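Worksheet: one structure, shown below.
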There are 2 protein chains.
Amino acid sequence: MAKLQKSIDKRNALVKATIELVNNNGFHATPMSKIAKMANVSPATIYLYFENKQDLVNQTYIDVKAEYTKYAFETYNESMSVSEGFEIIWKRIADFKLKECEEAMFLAQCDNTPMIDEPSRQEGIKHLQPLLDLWERGKKEGVIKPLSDYLLYAYSINPLSFLMIAQKRGAFQLDKKHIEQAYQAAWNSIKV
Amino acid sequence: MAKLQKSIDKRNALVKATIELVNNNGFHATPMSKIAKMANVSPATIYLYFENKQDLVNQTYIDVKAEYTKYAFETYNESMSVSEGFEIIWKRIADFKLKECEEAMFLAQCDNTPMIDEPSRQEGIKHLQPLLDLWERGKKEGVIKPLSDYLLYAYSINPLSFLMIAQKRGAFQLDKKHIEQAYQAAWNSIKV
DNA sequence: ACTATAAAAATGAACGTTCATTCTTTTTTT
DNA sequence: AAAAAAAGAATGAACGTTCATTTTTATAGT
């Protein structure tokens, strides 16, 4: 028990260090030695928890994606109306991107580079299923436009990543008013 | 004359090779030796045209960004109405992202990683000024919503990058109908 | 027009460094 | 006291960059 606990702590520390260092330097400019140092561990120890560097970053990606979607769908359930469900999910996502902005930034980098291998990318996509189901329902009920999932995602959810990154770079400050405006823009672009 | 011509050809070949290799492997997994090989040049020759690897990728970014915005604003002029101007610019951008998708993908990677240094990033942003001016005018005329530039960009232009990348990965096929729907979604989200 | 010469451009090999990973030893746990 | 976990040092490969040299181009005198 104590052993297992200790192991999980180390694994978490490694994942956390990976996120932070990859955010600041990129995957290939983040040496295993630095990840080890930040996690207070020997470089060799990483290989007790992960096969190699690629495996470390793949698993980190899947972990973060799972955390992200868990948070996004936490307060949603399928008995809600489509518009109510969308609002709740959208606002949870916005919340996550602002509060856990290291994690969100890491995901953005993963989604826009060849850093993650294809199987792990596919694995990450699966987690979004509840949202796809909601859209499907919305289309059936005639509440949202009959667009491809990619268009729905591109216009309703994805812009948040851009805003979060701009904010992280200090380009501007996202406050409550912006979030509400962004939500309205998202809903306007997909509702019938 | 012949000399200068030759030099520009080599520089272009290096920039082109950089785009292709960075798209497929990322910045740090793209060795100078491979860039040289793809451009049919000796590794040492790169250093006659660029200070170092960082300078090569910075200049490539600025080149591509300039090409992108030149294309985007080619058919636009300031005497157009805001809605007409927006439509023309938006459709040119969509066009560019589909036709020059290597270039567009390279920009997306640059904008989501620490690959480009801050001065070059700033330099790249300047090129978008005509669009910002158009938005400013739209807000003054009451044609578009009084949102921050980042919100306007996030919801009207940026989603195209997501679609282009999804298409590049083979996730779906963007056709004329999608483009029209995407344009409508973009306009709906920003118009008053 | 042709050659000699200087300058510029280009090259391949070499250097020093860094990195992912492994090996051997030590420490901790059972 | 055996097994598992962790550590630090070692290894070999790969990389960015530089160096010494060769090749190409431009210039100038005859």
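Lettering follows sequence order; numbering is per chain, from 1. These figures come from a predicted structure and were not determined experimentally.
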### Query
Rounded to whole angstroms, how far apart are CD on Gln54(A) and P on dC19(C)?
18 Å

### Query
Do His127(A) and Tyr68(A) have ring centres separated by under 6.0 Å?
no

### Query
Considering only side-chain heavy atoms of Ser42(B), which listed nucleotide, dG8(D), dG16(D), dT11(C), is closest?
dT11(C)

### Task
Over 60° means perpendicular and under 30° means parallel, so classify the ring planes of Tyr153(A) and Trp135(A), tilted if in between.
perpendicular

### Task
Answer yes or no on whether Lys53(B) is positioned over the face of Phe27(B), meaning its NZ or CZ is under 6.0 Å from the six-membered ring centre and within 45° of the axis.
yes

### Query
Looking at side-chain heavy atoms only, is the closest gap between Asp111(B) and Phe162(A) below 4.5 Å?
no

### Query
Of the candidate nucleotides dC15(D), dA10(C), dT18(D), which contains the atom at the shortest distance from the side chain of Pro31(B)?
dC15(D)

### Query
Side-chain N or O of Lys10(B) less than 4.0 angstrom from OP1 or OP2 on dA10(C)?
yes

### Query
Hey, what do you get for CE (Met164(B)) to CD1 (Ile93(B)), rounding to the nearest 0.5 Å?
12.0 Å

### Task
Nearest whole angstrom, please: distance from the P of dC19(C) to the CG of Leu56(A).
16 Å

### Task
Give the rounded distance in Å between these two atoms: CD1 of Ile46(B) and C1' of dC15(D).
12 Å

### Task
Indicate whether OP1 or OP2 belonging to dC15(D) is found under 4.0 Å from a side-chain N or O atom of Lys34(B).
no

### Message
Does dT11(C) have OP1 or OP2 under 4.0 Å away from a side-chain N or O of Tyr47(B)?
### Response
no

### Query
Taking NZ from Lys53(A) and C1' from dT22(C), how many angstroms apart are they, rounded to a whole number?
17 Å

### Query
Over how many whole Å does the gap from Leu48(B) atom CG to dT18(D) atom C1' extend?
12 Å

### Separation of dA7(D) C1' from Met32(A) CE (nearest whole Å)
15 Å

### Task
Round to a whole Å and report the spacing from CZ of Phe27(A) to P of dC19(C).
13 Å

### Spacing between Glu51(A) atom CD and dT21(C) atom C1', to the nearest angstrom
13 Å

### Query
Out of dT21(C), dG12(C), dA6(D), which nucleotide sits closest to the side chain of Asn52(A)?
dT21(C)

